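Quick caveat, the model's predicted, so the values are computed rather than measured. So you know, we letter chains A, B, ... as the sequences are listed, proteins then strands, and number each from 1.
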Amino acid sequence: MSVLDSPAPRRMRSPLAHRLRIAGGVLISVIFLFPIYWMVVTSFKNQVDIFTNPPKFLFSPTLETYVEYMSRADILRKLVNTIIVATGAGVLSIVAGSMAGYALARVRIRGAATFGLIILLSRGVPPIALAVPMFLVARKLGLTDKHITLIFAYSTFLVPYVMWLMRSFFVSLPRELEESAMIDGCSRYGAFFKIIVPISLPGLLSTLIFSMILAWEELLFALVLTNRYASTMPVAIAGIAGDTVNGANWGALTAVGTITVVPVVIFALLVQKWLIRGLAEGATKG
Amino acid sequence: MGTVQIRDVRKSYGAIEVLHGVSIDIEDGEFVALVGPSGCGKSTLLRMIAGLEDITAGEILIGDRVVNNVAPKDRDIAMVFQNYALYPHKNVRENMGFALRQRRIAKAEITERVNNAARILGLEPLLERKPRQLSGGQRQRVAMGRAIVRDPNVFLFDEPLSNLDAKLRVQMRSEIKELHQRLKTTTIYVTHDQIEAMTLADRVVVMNGGVVEQEGAPLDLYDHPASLFVAAFIGSPPMNFLEGDLREGPRLALADGTVLDMPTGDPKGRSRVTIGVRPEHFTIGATGWPATVSVVEPTGSETQITARLAGQIVRVLIRGRTSVLPGETIHLSVSPDFVHFFDPAPVPELALLEDAA
Ligand SMILES: Nc1ncnc2c1ncn2[C@@H]1O[C@H](COP(=O)(O)OP(=O)(O)OP(=O)(O)O)[C@@H](O)[C@H]1O
Ligand SMILES: [Mg+2]
């Protein structure tokens with residue numbers, strides 16, 4: 001009750017400070033959003049408009065590049081792959097990571113904190129150091145260029161991420177909730193799934209979305225572990241960017257980039273409410 | 001059967017033992033209050049009965065079954081927590097019906113039992129609300145409702161009223177008492193408020209530092225405290241204590257040289273003692289121990305006088321009103337029946353301050 005329903009306290013601000021704050025916010029947003037704006041705009045330009053200097057802000061938009069690339073089977077396949085892998089990795093890590101986070105938050109085991117820390121520190125290993133061994137293992141197992149391989153590879157960094165986010169969320173929930181459920185007839189698992197999970201839904205969903213976004217954008221593992229069959233959109237972008245035989249193909253790069261980013265943005269906007277609520281709740285201790 | 005037997009139970013957290021062998025026998029239908037200062041292990045003991053903490057040593061029996069290794073859900077108990085622990089995503093009806101649903105009881109019966117409990121507690125208009133839409137008192141009531149729909153063998157309460165304001169606390173106290181008289185379910189009630197313990201319980205168990213200090217009927221504890229600790233803890237305003245040497249007469253020589261005539265000597269014949277007199281057992285008269293009045297606090301039905309006797313503060317409680325004024329000297333006497341003798345020990349300040357508040 002305590003954490004879950006008390007509205008955030010409102011602070012009084014002086015009008016000037018308030019305006020400065022807004023101005024600062026706008027400035028920062030512009031700095032962050034401009035490259036994305038430029039990418040989207042460029043993707044609708046034709047080859048001539050792209051290279052006009054000084055750049056044109058008014059031009060007649062064209063879908064040329066989109067039509068060309070969205071009709072390419074390899075790009076479509078990569079888009080589908082990205083959806084499969086991001087969803088698979090997100091779901092797997094939210095399930096495993098939240099259960100691990102719950103255990104870290106609640107179960108009194110000697111060394112649990114150290115254990116959690118070690119898992120977190122394992123994230124300090126540079127991904128490239130893992131990518132090659134992972135490739136060798138995958139090849140031995142005959143698992144290269146498969147969705148499941150990427151899903152597992154992503155889980156290696158998503159599970160610790162989810163585990164730590166959800167741990168701090170669970171710690172903020174009063175213990176008595178589960179204890180009450182356990183007296184009311186639940187096992188520890190029952191209490192987790194019937195009481196803790198429903199209460200934590202905003203936090204779980206926002207963490208799930210973050211994980212999916214991380215998996216969606218991942219390049220290195222996708223590059224190393226997949227080939228034609230299971231590779232993803234970032235690989236496609238890297239391919240286009242690396243193909244400079246006829247000069248940089250900005251049109252293709254920005255169009256495919258936009259296709260990759262748009263679902264992420266839409267998703268984030270749709271769940272913004274949870275995202276903010278979830279993060280805020282995860283951060284408050286009760 | 002709702003009997004609970006606690007047999008030489010110990011609890012350690014790592015190397016630190018917090019319960020040092022506690023034994024209590026609770027009869028079917030009895031209302032037992034566990035009372036004691038903060039940190040004495042009341043909650044720990046209650047949680048061990050509930051199955052939420054492991055039992056380091058000893059045995060706990062509910063009915064005639066040893067429950068040391070029985071999961072909380074299989075102990076047939078219901079517990080009300082200090083923070084109520086209502087499920088925030090469920091409405092009042094679902095909160096109250098949750099345990100029954102876990103037990104796969106038919107829907108119609110759940111509805112009937114929830115409605116019944118809601119009627120008893122006056123929760124009927126609130127059944128569709130979420131916990132966050134309830135006041136503190138209403139939440140408390142829902143927590144009680146959640147316990148009583150279960151019709152368990154034993155109710156466990158851990159300071160259920162301490163989050164309520166004073167007035168509501170008194171009201172809920174009598175409701176709990178009434179509920180117990182109606183349901184006659186064995187109840188173990190943890191509190192650090194001795195008034196709550198005294199007014200509610202058939203039997204009060206006073207705990208201190210992980211051991212049972214004394215147990216008995218509320219008025220027995222009040223009349224015959226076995227130790228200075230219990231004497232200080234039970235009763236409000238708390239008992240007055242004076243430490244000194246018993247002399248012929250009998251008389252009590254205090255540290256500052258004052259010698260007081262005693263109405264009676266120590267039945268155990270000790271020479272160095274702490275005597276205790278409850279504020280309400282003093283009478284003000286022409287003769288007796290001289291004390292200088294510092295504060296007079298009338299409440300209408302009674303008056304509390306704070307005075308200094310041989311440099312120490314004593315509290316006197318008299319029925320009705322008085323014309324005594326601050327600065328005056330009064331003479332205090334006490335009948336032999338109302339003088340308690342204890343081994344000298346430091347007076348537990350915490351208990352005193354807490355009660356005075
Ligand atoms: N998980 C734990 N680990 C270590 N020590 C603990 C733990 N829980 C309780 N204790 C210790 O056990 C002792 C008894 O605690 P307990 O909560 O039973 O006290 P209490 O009588 O209920 O006090 P209060 O009136 O403040 O609730 C305390 O000294 C406390 O510090
Ligand atoms: Mg306690």
Query raised in the report: Would you call A:Asp184 and B:Arg101 a salt bridge, taking side-chain N to carboxylate O under 4.0 Å as the test?
Result: no
**Report entry** Atom CD of B:Gln171: over 12 foreign heavy atoms under 6.0 Å
**Finding:** yes
Query - Any donor-acceptor N/O pair, B:Tyr87 side chain to A:Ala181 backbone, under 3.5 Å - result: yes
Query raised in the report: Would you say A:Ile183 and B:Arg150 make side-chain contact, with heavy atoms under 4.5 Å?
Result: yes
Report task. Quick one: pull up CG in B:Leu52 and CD in A:Glu178 and give me the separation to the nearest 0.5 Å. Result -> 10.5 Å
Query raised in the report: Is atom CD of B:Glu124 surrounded by more than 12 heavy atoms (other residues, nucleotides or ligands) closer than 6.0 Å?
Result: yes
**Report entry** B:Phe98 to A:Cys186 - nearest heavy-atom pair and separation
**Finding:** CZ-SG, 3.6 Å
Report summary line: The residue among A:Ile199, A:Val197, A:Leu201 that forms side chain to side chain contact (heavy atoms under 4.5 Å, CB included) with B:His89 is A:Ile199
Query raised in the report: Counting only heavy atoms not in A:Phe152, do more than 12 sit closer than 6.0 Å to its CZ atom?
Result: no
Query - Which portion of B:Ala78 sits near chain A, non-hydrogen atoms under 4.5 angstrom - result: backbone
Report task. Could you tell me which non-hydrogen atom of B:Lys90 sits nearest to which non-hydrogen atom of A:Ile195, and how far apart they are? Result -> CE-CD1, 4.0 Å
Query raised in the report: Does CZ in B:Arg103 sit with more than 12 non-hydrogen atoms of other residues, nucleotides or ligands closer than 6.0 Å?
Result: yes
**Report entry** Heavy atoms of other groups near B:Tyr13 OH, more than 12 under 6.0 Å
**Finding:** yes
Report summary line: Greatest number of non-hydrogen atom pairs under 4.5 angstrom with chain A, of B:Lys130, B:Arg47, B:Gln82, falls to B:Arg47
Query raised in the report: How about B:Glu178: does its CD atom have over 12 heavy atoms from other parts shown lying under 6.0 Å from it?
Result: no
Query - Distance-minimising heavy-atom pair for B:Arg146 and A:Ser180 - result: NH2-OG, 2.8 Å
Query raised in the report: Taking side chain as C-beta onward, heavy atoms only, is A:Glu179 less than 4.5 Å from B:Met79?
Result: no
Report task. Answer yes or no: does atom CG of B:Asp54 have more than 12 heavy-atom neighbours from other residues, nucleotides or ligands under 6.0 Å? Result -> no
